[in-house]
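For the single chain, residues carry numbers from 1 onward in sequence order.
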Amino acid sequence: MNEETPEAGKVWMIQLGILALFWVFVIGIIAWIVRLIRISLQLRDIPSASIGISLVAIPVFILLLSLANYVFWGLRSAASQGERSAHAGKGGIDER
């Protein structure tokens with residue numbers, strides 16, 4: 001069984017909220033850059049600066065988002081595996 005303390009549940013919700021805000025932030029930045037490119041095309045401006053920035057910025061932000069997801073879910077799964085191994089050690093078996 002998963003015996004979490006109320007504090008662990010609060011920490012989980014705060015971490016999930018931070019991850020959700022990061023998702024919103026990155027999606028907002030990508031939408032803003034795409035909007036800049038569309039506006040430059042509508043104004044018949046040369047979109048080279050917008051495209052140049054987007055070619056660098058969008059993959060960087062997607063990489064950071066992927067890294068945050070990997071760390072968040074990796075730490076969560078490592079914590080749950082640590083709980084399982086801690087419970088397995090309580091069976092009375094001598095572990096040397």
Side-chain angles (χ1 to χ4, degrees):
M1 294 199 75
N2 193 2
E3 301 172 10
E4 287 189 358
T5 63
E7 292 84 17
K10 289 178 187 176
V11 169
W12 165 249
M13 291 307 293
I14 291 170
Q15 289 173 339
L16 197 58
I18 290 170
L19 188 63
L21 284 174
F22 193 62
W23 267 91
V24 169
F25 177 72
V26 170
I27 290 171
I29 287 176
I30 291 171
W32 176 61
I33 291 172
V34 170
R35 184 174 180 268
L36 286 176
I37 293 171
R38 292 182 69 204
I39 287 174
S40 70
L41 290 174
Q42 287 175 354
L43 295 175
R44 300 190 193 283
D45 193 12
I46 299 173
S48 61
S50 298
I51 291 174
I53 291 170
S54 67
L55 286 175
V56 173
I58 290 176
V60 166
F61 280 108
I62 290 174
L63 177 72
L64 289 174
L65 183 62
S66 301
L67 182 65
N69 281 318
Y70 176 77
V71 168
F72 179 76
W73 293 113
L75 290 176
R76 184 69 181 170
S77 65
S80 66
Q81 286 177 356
E83 287 176 3
R84 281 189 231 130
S85 65
H87 291 301
K90 294 180 182 178
I93 299 172
D94 188 19
E95 298 177 6
R96 291 185 223 198

Visitor: Looking only at heavy atoms, which two atoms of Pro59 and Ser54 are closest? And how far apart?
Guide: CD-O, 3.6 Å

Visitor: Is there a path of hydrophobic side-chain contacts, each under 4.5 Å between heavy atoms of I/L/V/M/F/W/Y residues, joining Met13 to Phe22?
Guide: yes

Visitor: Go through the structure and list residues passing side-chain contact (heavy atoms from CB on, under 4.5 Å) with Val11, not counting sequence neighbours.
Guide: Gln15

Visitor: Please say yes or no: joined through hydrophobic side-chain contacts below 4.5 Å, possibly via intermediate residues, are Ile58 and Val60 part of one cluster?
Guide: yes

Visitor: Which ILVMFWY residues can you reach from Ile14 by hopping between side chains whose heavy atoms are under 4.5 Å apart?
Guide: Ile18

Visitor: Could you go through residues 65-75 and list every donor-acceptor pair under 3.5 Å that involves a side-chain atom there, pairing it with any protein atom two or more places apart or in another chain?
Guide:
| residue | atom | partner | partner atom | Å |
| --- | --- | --- | --- | --- |
| Ser66 | OG | Ile62 | O | 2.9 |
| Asn69 | OD1 | Trp23 | NE1 | 3.2 |
| Asn69 | ND2 | Leu65 | O | 3.2 |

Visitor: Same cluster or not: Val56 versus Val26, using hydrophobic residues (I, L, V, M, F, W, Y) connected whenever any side-chain heavy atoms lie under 4.5 Å apart?
Guide: yes

Visitor: Could you tabulate the donor-acceptor pairs under 3.5 Å formed by side-chain atoms of residues 27-39, not counting sequence neighbours?
Guide:
none

Visitor: Hydrophobic clusters join Ile, Leu, Val, Met, Phe, Trp and Tyr when side-chain heavy atoms are under 4.5 Å apart, directly or via other members; which others share one with Ile46?
Guide: none

